[in-house]
Q: 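Please read through the structure below; I'll follow up with questions.
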Number of protein chains: 2
Amino acid sequence: MTHVPNPYKETTIIDIAKELNVSKSTVSRALKNHRSIGEATKKAVQDLAKKYNYHPNDIASSLSKRSTKTIGVIVPLLSHYYFSTVISGIEELAYKSGYKVIICQSAESYEREVIVSQTLLSSKVDGLLVSISRETKNYDHFKVFQEKNIPIIFFDRICPEIEASSVIINDYQGAFMAVEHLIKQGCRRIAHFAGPPLLLISQNRINGYKDALLAHNIPFDEELVIDCGPGLEQENGSQTAQQMLDAGLRPDAIFAFCDPIAIGAMVTLKKNKIKIPAEMAVVGFCNEPMDTVVEPPLSSLVQPAFQIGETAAAIFFQHIQDKTSPIEKRILSTELIVRESSLKKFKNFCNGNFESKKFCSNITQPVAHFKFFYQPCFLRLLFTIMVISPA
Amino acid sequence: MTHVPNPYKETTIIDIAKELNVSKSTVSRALKNHRSIGEATKKAVQDLAKKYNYHPNDIASSLSKRSTKTIGVIVPLLSHYYFSTVISGIEELAYKSGYKVIICQSAESYEREVIVSQTLLSSKVDGLLVSISRETKNYDHFKVFQEKNIPIIFFDRICPEIEASSVIINDYQGAFMAVEHLIKQGCRRIAHFAGPPLLLISQNRINGYKDALLAHNIPFDEELVIDCGPGLEQENGSQTAQQMLDAGLRPDAIFAFCDPIAIGAMVTLKKNKIKIPAEMAVVGFCNEPMDTVVEPPLSSLVQPAFQIGETAAAIFFQHIQDKTSPIEKRILSTELIVRESSLKKFKNFCNGNFESKKFCSNITQPVAHFKFFYQPCFLRLLFTIMVISPA
DNA sequence: CTGAAAGCGCTAACAA
DNA sequence: TTGTTAGCGCTTTCAG
């Protein structure tokens, strides 16, 4: 009597085994092309699997292998270009290695971060890649992973308290370059629209900002470091800029924690008829696509999102391939993209080669090559500069 | 002799059961607060679980319950604001119901779409939410889900061949409204930068475009429907616009398939010193944040991404709660947001109330209320209009 | 080259 | 209120 698979039930290796009068181990092996299985049975099994539209049950396999081939990812917000691009980078590598990716958002909430990390723990992810929420200051929910020997890699917004692998960019250097660039443009009172104070990246950027001033003998003015409050969106930048103006502050440049804030600030400045960059230059951070759309185009620092994702994933694979592989802290260098929003003097930029060293005099780390990333912007820039600020 | 849990092994309900001299079923029940368990044992179990840092193994539970409490999502690209926002909507509902979300990108590739859907099948997702890739024309990989009674809900880019639930916006109506609006602005030669031809949304938008022309006795000119080639990015819009100009075509308006294309086109127009909207008006589709940043701000049609995600998830929950619940095809209405890029005549917009009926004369579906969505843009618009095109 | 059997950790029907 | 037992579908040692 032939075995008829129940149409309301998924076909399993047992169904195939019965039909072929072999054991389920044989089927299991045949299905994954195990070399110790005879060609004939192998083919028979595979054909029947196809015929019955068999799909392996990864859940069962995970349970028995004690590995889910899944990477958990926690980001603050998915709808930020930066984070979704990081995820693409992670996914790309994961995909190539046959890993799945479960993505969770903390929505910038500590509480939710704890909950989703617990979910991920229960889902038995093989590893965790995280960029922490801006509220997080207790890290116990991450320590659990380490106790269970689940590799955890932080990216961008890393965790200061935990000894774990991480991949970040050189925020200090980026901020330093941006501010030094502004100084070379002739700016002397440079405001910084700062990021969420708990985040290391915010602190590093402030430090880069301060040190660049210091390096150029410009006194640091506490008043010019302005907190943008909670939120990293355009409206926060707009509000902060308005508050600044209302307070009678008139810096000649703004270095913003991130691009949306910079763009929001630009909106306010334009509304107040302040000329950018002539009266106030602006530099952002992240080099988001929007930067080339706003007018004038926004100078910014590259955060190689895709590469950051890839790197984080690569470190994860390293850890699971070699359980003893040491913690790795990767620091990617950043790059300053100069666009019109911060370009007061035209002459500096005409001679083709830029001395990157000049831009980063007292940074020990290797310096990113200073170059024009987006060709067309240079052309447009020529044009616009000559028309708008003939200086 | 007390049972000492192996530190190299996760604590399981068995460990707890042994230590407490109860059965593992009791532990299992106590852990989920089953009412038939005595308060005393319940507390003992829960305390010990905490002490041992017990975390349930969802894999085992899934296997035994034959449900993973997981929703699979396939989107073309994560790094599009639209899709990541849809996912946020899905996640929000999923999260509230204790469901996980596995997100996959097809990267606009048919081949990859097939592979990830197979992965999701093997992962035993309880349901699948999909927006298909622009290459997809064979749908067998989705039919498998239906054969296995796994609910599948398409959103935005739905699947014409499969009888499944779906949530889309009224693309036809949106296109109609956009084009009618342009006509009311005095435009007579309106070009359409069309989307990927395989997608239903592209076709619907073309139809809306055609019918609006028809309704206003403007002859349809094949030449003015321009394919943007593969890719929905800014550069595609730029190139297409340049090709159009090079071909000697000078429409007085462009209605683009999506915002990045519209913005790309605007860049080219500006480069060619064509005044927007005076010489050429532009309307996009999706109402992305960038629209308010570009100059002049871009008119567009709202695609309520978050709500689309929520709705798709809601339909999924409906399906799993009631296996027999019928297929549901939800059509959300869209809304035209008028900004400066398409506002040639000021007078039309001064009297407070807009007659939405006028804007959608021959559409049977209920019409979205035509209103200003983004207040500040109206103010800025007043200002700019008066300065730039005093008409 | 193939099979038997013992799990992986949890659930749930049935029994007590 | 609690325990017994039989799985869920697959992997993997060990034995043939």
Side-chain angles (χ1 to χ4, degrees), chain A residues 3 5-6 8-46 48-49 52-70 121-126 148, chain B residues 3 5-6 8-46 48-49 52-70 121-126 148:
Chain A
H3 172 81
N6 181 339
Y8 298 111
K9 198 182 143 296
E10 306 260 322
T11 19
T12 70
I13 51 171
I14 298 200
D15 299 316
I16 297 177
K18 279 195 185 140
E19 169 121 10
L20 258 35
N21 278 316
V22 295
S23 76
K24 60 178 181 174
S25 343
T26 304
V27 175
S28 171
R29 288 175 187 126
L31 250 16
K32 17 192 73 59
N33 259 312
H34 196 288
R35 51 196 158 58
S36 76
I37 298 291
E39 278 310 318
T41 31
K42 203 181 274 183
K43 180 163 179 359
V45 166
Q46 289 175 355
L48 201 60
Y52 283 165
N53 206 356
Y54 168 81
H55 286 273
N57 184 329
D58 278 355
I59 301 296
S61 154
S62 293
L63 182 61
S64 119
K65 292 208 294 197
R66 254 143 305 184
S67 149
T68 54
K69 290 239 180 195
T70 300
L121 203 54
S122 292
S123 298
K124 301 293 167 201
V125 293
D126 292 347
K148 296 189 190 275
Chain B
H3 172 81
N6 179 341
Y8 297 110
K9 198 181 142 295
E10 305 260 322
T11 340
T12 70
I13 50 171
I14 298 198
D15 299 317
I16 297 178
K18 278 193 185 143
E19 170 122 9
L20 257 34
N21 277 316
V22 295
S23 77
K24 59 178 183 173
S25 349
T26 304
V27 174
S28 171
R29 288 174 189 130
L31 250 17
K32 21 190 70 62
N33 258 312
H34 196 287
R35 52 195 159 57
S36 74
I37 297 290
E39 279 310 319
T41 30
K42 205 181 270 182
K43 181 162 176 7
V45 166
Q46 288 174 357
L48 201 61
Y52 283 164
N53 207 355
Y54 168 80
H55 285 272
N57 184 329
D58 277 355
I59 301 297
S61 157
S62 293
L63 182 60
S64 125
K65 291 207 294 196
R66 252 144 307 181
S67 149
T68 53
K69 288 236 179 199
T70 299
L121 204 55
S122 293
S123 298
K124 301 292 168 200
V125 293
D126 292 348
K148 295 190 192 275

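Just so we're on the same page: letters track the sequence lines, and every chain starts at 1.
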Q: Quick one: A/N57 CG to D/dG7 P, roughly how many Å, whole number?
A: 18 Å

Q: Given atom CG of A/L63 and atom P of C/dC10, what is their separation to the nearest angstrom?
A: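 My rounded result for the distance is 9 Å.
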
Q: Is there a side-chain contact between A/T41 and the phosphate of C/dT2, meaning an N or O under 4.0 Å from OP1 or OP2?
A: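 So the side chain of A/T41 is within the cut-off, an N or O lying under 4.0 Å from OP1 or OP2 of C/dT2.
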
Q: In this structure, how many angstroms lie between the P atom of D/dC10 and the CG atom of A/L31, rounded?
A: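 Taking CG of A/L31 and P of D/dC10, I get 8 Å after rounding.
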
Q: Starting at atom CD1 of B/I37, determine the distance to atom P of D/dT2, rounded to an integer number of angstrom.
A: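 One finds 5 Å between P of D/dT2 and CD1 of B/I37, rounded.
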
Q: Without decimals, in angstroms, what is the distance between B/K18 NZ and C/dC10 P?
A: 13 Å

Q: When all nucleic acid strands are considered with a 4.0 Å heavy-atom cut-off, which category describes A/K42: base, sugar-phosphate, or nothing?
A: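 Since no nucleic acid heavy atom lies under 4.0 Å of A/K42, the category is nothing.
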
Q: Using whole Å, report how far NZ of B/K65 lies from P of D/dA6.
A: 23 Å

Q: With no angle test and no hydrogens, is the base of C/dG3 tied to the side chain of A/R29 by a donor-acceptor pair under 3.5 Å?
A: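 Counting by modelled atom types and ignoring angles, a donor-acceptor contact under 3.5 Å is found here.
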
Q: Indicate whether OP1 or OP2 belonging to D/dC8 is found under 4.0 Å from a side-chain N or O atom of A/T12.
A: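 Result: no.
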
Q: Does a side-chain N or O from B/S61 land closer than 4.0 Å to OP1 or OP2 of C/dC10, or not?
A: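 No.
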
Q: So, OP1 or OP2 of D/dC10: does either fall under 4.0 Å of a side-chain N or O from A/Y54?
A: yes

Q: Test your reading of the model: is there a side-chain donor-acceptor pair from A/K42 to the backbone of A/H34, 3.5 Å cut-off?
A: yes

Q: Look at B/S28 and C/dT11 and indicate whether a side-chain polar atom (N or O) is within less than 4.0 Å of OP1 or OP2.
A: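 Answer is yes, contact under 4.0 Å.
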
Q: In whole angstrom, give the distance that lies between atom CD of B/E10 and atom P of C/dG7.
A: 19 Å

Q: OP1 or OP2 of C/dG3 sitting under 4.0 Å from any side-chain N/O of A/T26?
A: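 The answer is yes; a side-chain N or O of A/T26 sits under 4.0 Å from OP1 or OP2.
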
Q: Is a donor-acceptor pair below 3.5 Å formed from side chain A/S25 to base C/dA4, judging by atom type as modelled?
A: yes

Q: With distance as the sole criterion, is a donor-acceptor pair present between the side chains of A/S28 and A/S25 under 3.5 Å?
A: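 No, no side-chain donor-acceptor pair sits under 3.5 Å.
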
Q: Would you mind reading off the distance between A/H34 atom NE2 and D/dC10 atom C1', rounded to a whole angstrom?
A: 14 Å

Q: Please say whether more than 12 non-hydrogen atoms of neighbouring residues, nucleotides or ligands are located less than 6.0 Å from NZ in B/K148.
A: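 Result for NZ/B/K148: enclosed.
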
Q: So do the side chains of B/E19 and B/L48 get within less than 4.5 Å of each other, counting heavy atoms only?
A: yes

Q: Roughly how far, to the nearest 0.5 Å, is CZ of B/R29 from CZ of B/R35?
A: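 The CZ atom of B/R29 is 10.5 Å from CZ of B/R35, to the nearest 0.5 Å.
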
Q: Looking at B/K24, I'd like to know whether one of its side-chain N or O atoms comes within less than 4.0 Å of OP1 or OP2 on D/dT4.
A: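 Answer no for this pair, as no side-chain N or O of B/K24 is under 4.0 Å from OP1 or OP2.
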
Q: Please tell me which of B/R66 and B/V27 maps to the more 5' nucleotide of DNA chain D, matching each residue to the nucleotide holding its nearest heavy atom.
A: B/V27

